[in-house]
Amino acid sequence: MSGSADDPATLLAAKVKELVEMDGRSYDAIASAATKILDNRKDPRTGKIHRTSRPPRQVTKQRISDWTKRTTPAYEYLEAVVDAVSEHVKGRTNLTEDQRKKLIDLLDTEKWQSLWQSAKTAPRAEPWLKSYLDALLRTAEAHPYPGVLPDIPLPPLSQVYVQQRGRPRPAPDANSIAAGGDADPSPRPAVEAVLSADHDVLLLGGPGTGKSSLLRQVLITLAKRGTAPDITEIPIYVSAVDLTSEGLSFAEQLAAAVRHELSGRAVPSLPTDSFSRPPRPASRWLVLLDGLDEITDVRQRRRLAQLLGEYRSELYRFVLTSRPLPSDELGQLESDPQWRSRSYELLPFDPGQLRDFAERWMRTADLGPGRLPEPALAVNAFMAQVARPPLATLARTPLIATILCQLHAARPEQALPRDRYGIYYSFVDLLRERLLQALDPQSHDVLHEIMSTLRRVAVEHHADGVFPDLLTAVRNATEDLCPSEMRYPDWDAWRREVLRRTGLVAAHGETYTFVHQTIGEFLAAQHTADAPELSEPIYRGMYDQGGVGGSTRPPLGVQLSSFRLFLIGAWHSGPPLAPLPRGVPQHLTTHLAEFATSREHGSHVALLAGQGITLAPGIIEAAINTLTPLVTDTAAHNDHDRVRAAEDLAMLSAERGGELLASLATDTTVHAGSRYDAARALANLGDPRAADLLASVAADDGLLDDRRLEAAQELVRLSDQRGAGLLEALATNATAGDYYRVEAAQALAEMDTERGTALLASLALDTSLRQEPRFRAARALTKLNGERAVGVWAELVTIKMFPGDERIEAARALARLDRDQAALVWEQLMTDTTVLDHYRVEAAQERAELGDARGKDLLATLAYDPALHFVDRSELARTLRRLQDPRGNDLLASLAKYGVDPDWDDED
């Protein structure tokens, strides 16, 4: 614990530590007793148990530990701990006079409340915090973009980042956050989902789907907000593998990860305990944990998840990214009661987002002199190429979209490659070509050796999961190539520079890693396909468990990982690769032909076609014939599986798959949800029929609200004018779910601010809606039009059916927008006897803090009210005294009969 001796947060932490030491029990025992008190707390005036928090209130040993390290707790939790200690020690008789006085002092709830208030409101200057955020912002904005040519001026990440959306995953059980009453199952902007949550978040996405960029956008957003008073979370970016070190505490691992991330930046000297305490009072660290799947040992991943559960408290909130995990592991993670989170699946770009992304790159990135004299024409030419399958699907992945933009800008006269492997091959070839042009011909051998080393090390990493030391590997491989006339330090510096300029690695000080996991997988697959001794065992495990030339029975459950898809692409690519592994092409064709006739494996062949892999015409035709009955046989297959089969068919033949998807979308005997799925799949193919089908779905009252909302949003993304009207219709539909109505109004506001804000205001004041959706509408309105939100918050404050804490939230929101109106609503709350007393006290204090005489008079009136509990009255009296009002001392003197010490000064 650090901080000056007179810092209120330090004083409070020391007092908590002294309190629990006086108790003598373990933190677990104290926490259990305090939780029981919370569960049974009654209002002293009504005698009724009141619960102000929707989730169960719980004191944990970790929370108590955090409080001893300058984390400021919620007061009701702190009060429960004080009461628990009081109950435990009240029977002690063998105390000395000094111990008795110390105990009385430690159990004085008025002193606790004053000290807590000081700790919560006092500013604390952290001289390093602003410098830390500035360095973090510079690092995030300049982070090396994977899939971008080196040595070209690049715009900041925030200028080219296109907001992605995330779809909430279904709740794994009834106790999870996603199953809660306030869960919103519709897709939403992923950055917003992270920033607006109060719980942990797990973001899932396949290779290259923008997970790391999303975290960095969250980081940029928070770092730009800086240390404003209303900022309660300070970000930390951490690679998941950095939290698997042994021998270091959790906070020490975070500190090491931050030093690694900011290596090479001008950063302040961080205190040794920086991440073991809050960044400032009433705030916490938002730990952005990237790449859980990159921890290849399942046991290590589970240990890390357990660790996060243990440390999840007032001090930390966690946001994780990962590729899809095995279903059993993901299920355990999502349902773990100790680590409560909500999971989102990152959605690929829709056509509108892809165009927006291409425009940003072509307009802002200097992709080569004279290459893009007309960015608008370049975007149109680019979009024309990616509109056709399979690029129509592949280009929706952000990393592939980035690479394709680079290829198009560098070679606008050439057609873009049509398969995933070919896209990465062309990009790496372009990198190599540019570097060869820049290097002296005598250095070409060194570059060749560096590239070969990177491919070899990528294979080793894929095999054992150990993160490679790329710089050491390159040094070892090129040691004998040093020119005789070059000094070793110059040679070493030159190799580092060439390694960096390959565009395949990122440097953090002395650490060089692949710039993206997918780049490493491509290089590993390329090297494996060139080496029969590496290729054949993998091939046998995938397709021929009886050995090459043996049994051709397809193994069930083949997992097509990113690496395996690259490898299959390499096997099919032909020249300019080295000779293909012996026997593999012939038997691969045999096995794929058998897969194509198997209903269990027809989708495997479709996925390969969707990756752009060139398959023999006979295999394609056989797979089409196999999958078609899965769509057309209504008796044997459910609607969901029929749509999935039609999507698979679309990867084999856009025409055939599109016809079947259109048929499903218009078939009224098909389940409404599956009809929407078919229409959406058709839209992803760029089929013009999709718009009419989506409009029909969005207008269908028989469809679930979430599907109708998504259909209307899809229309908006397709620039179809009907989308706005359908969103408005859903927002005003009294029979629709409350959350969907609010979400529809928010979506409408993104394209039509006036209509959207009008609907949000109307929904916030609609008494037929539940409380939380109304507040959500008001919060959204505040972001769009603060002036219009003033009247809405003023109305919400007056609604007596709302809990006191919600009315306090409304008053605070109003106070930030309109000081004069705030004075009136604080007065309403403090005089409303239907509000719990501690909320009335809070309202009176807020009113008095506005600084005018009337505020003090009103507070004094409430403080003299004998119906109010003496603890609340003494708190108001101390507030008066702090405001230099003599009535404070008079009232404290009158409360002495209750045991209140009138001479105790809240500044002591």
Side-chain angles (χ1 to χ4, degrees), residues 161-167 184-193 195-196 221 347 349-357 359-360 676 679-680 683 688 690-701 703-766 768-769 773-793 795-796 813 817:
Y161 183 76
V162 172
Q163 176 72 277
Q164 288 181 262
R165 297 174 68 83
R167 186 191 305 277
D184 181 357
S186 58
R188 58 186 302 194
V191 171
E192 176 190 309
L195 292 177
S196 64
T221 302
L347 301 178
F349 286 154
D350 61 44
Q353 288 175 313
L354 179 57
R355 172 174 281 277
D356 185 15
F357 181 82
E359 287 175 345
R360 290 175 184 232
Y676 163 72
R680 187 180 63 181
D692 288 342
L693 294 171
L694 287 167
S696 174
V697 168
D700 189 342
D701 290 335
L703 198 60
L704 292 175
D705 295 333
D706 59 339
R707 298 303 177 90
R708 296 179 62 194
L709 174 61
E710 289 181 37
Q713 290 174 317
E714 285 286 343
L715 281 172
V716 171
R717 286 191 280 274
L718 292 173
S719 301
D720 190 297
Q721 294 301 314
R722 289 172 292 184
L726 289 164
L727 286 171
E728 185 171 21
L730 183 58
T732 56
N733 185 348
T735 64
D738 294 351
Y739 288 102
Y740 300 111
R741 296 178 66 187
V742 174
E743 179 78 8
Q746 285 182 269
L748 179 61
E750 292 177 9
M751 60 182 303
D752 188 330
T753 303
E754 182 58 33
R755 290 165 70 189
T757 52
L759 280 171
L760 287 168
S762 174
L763 290 168
L765 299 176
D766 189 336
S768 69
L769 268 65
R774 295 178 67 181
F775 270 64
R776 179 175 292 189
R779 294 185 199 109
L781 178 63
T782 302
K783 292 179 181 179
L784 294 166
N785 189 330
E787 183 177 352
R788 193 163 193 168
V790 168
V792 170
W793 287 118
E795 178 67 22
L796 293 176
L817 298 170

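In this chain, numbering begins with 1 at the start of the sequence shown. Atoms considered below: every heavy atom in the structure, side chains included; atoms not considered: hydrogens, waters and symmetry mates. Only a predicted model underlies this, so the values are computations on that prediction, with no experimental measurement involved.
- Under the rule for a side-chain contact (heavy atoms from CB on, under 4.5 Å), the partners of Ser196 that lie at least two apart in sequence or sit in another chain are Arg188, Glu192.
- For the ring-ring contact (aromatic ring centres under 6.0 Å, His included) test, residues two or more places apart in sequence or in another chain that qualify with Phe775 are Trp793, Phe802.
- Side chain of Gln353 to main chain of Gln164: no donor-acceptor pair is present (N/O by atom type, distance under 3.5 Å, no hydrogens or angles).
- Separating the CG atom in Asp701 from the OG1 atom in Thr735 is a distance of 6.5 Å, to the nearest 0.5 Å.
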Let me see the working for Arg722 and Asp692 under side-chain contact (heavy atoms from CB on, under 4.5 Å), right down to the final yes or no. CA-CA 9 Å; Arg722 289 172 292 184; Asp692 288 342; 2.9 Å; yes

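- Taking both residues in full, the closest heavy atoms of Val697 and Ala711 are given as CG1-CB, 3.8 Å, listed atom of the first, atom of the second, then distance.
- Rounding to the nearest 0.5 Å gives a distance of 12.0 Å between CD of Gln713 and CG of Leu718.
- Side-chain contact between Ser768 and Asp766: present, with at least one pair of heavy atoms (C-beta onward) separated by less than 4.5 Å.
- Rounding to the nearest 0.5 Å gives a distance of 12.0 Å between OH of Tyr161 and CG of Asp356.
- Minimum interatomic distance between Ala764 and Ala778 (heavy atoms only, all atoms of both residues): CB-N, 4.0 Å.
- Counting heavy atoms from C-beta on, the side chains of Leu726 and Leu694 never come closer than 4.5 Å.
- Annotation: the span from Lys783 atom NZ to Thr757 atom OG1 amounts to 15.0 Å, rounded to 0.5 Å.
- Nearest heavy atom pair, residue Tyr740 against residue Leu709, reads CD2-CD2, 4.1 Å.
- Shortest non-hydrogen contact noted between Leu781 and Ala789 is CD2-CA, 3.8 Å.
- Arg708 places none of its side-chain heavy atoms less than 4.5 Å from the side chain of Asp700.
- Remark: Glu754 engages Arg788 in a salt bridge, criterion side-chain N to carboxylate O under 4.0 Å.
- Applying the ring-ring contact (aromatic ring centres under 6.0 Å, His included) criterion to Tyr676, with sequence neighbours excluded, gives no partner residue.
- For the pair Arg741/Asp705, no side-chain contact is recorded, criterion being any heavy-atom separation below 4.5 Å from C-beta on.
- A distance of 10.5 Å separates CZ of Phe349 from CD of Gln163, quoted to the nearest 0.5 Å.
- In terms of heavy-atom proximity, Gly723 sits nearest to Leu715 at CA-CB, 3.8 Å.
- Taking each heavy atom of Leu763 and Arg774 in turn, the nearest pair found is O-CG, 3.7 Å.
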Might you work through the side-chain contact (heavy atoms from CB on, under 4.5 Å) test for Asp738 and Val742, ending with a clear yes or no? CA-CA 6 Å; Asp738 294 351; Val742 174; 5.8 Å; no

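- Rounding to the nearest 0.5 Å gives a distance of 11.5 Å between CD of Gln746 and CG of Leu759.
- Ion pairing between Arg680 and Asp350 fails under the 4.0 Å rule for side-chain N and carboxylate O.
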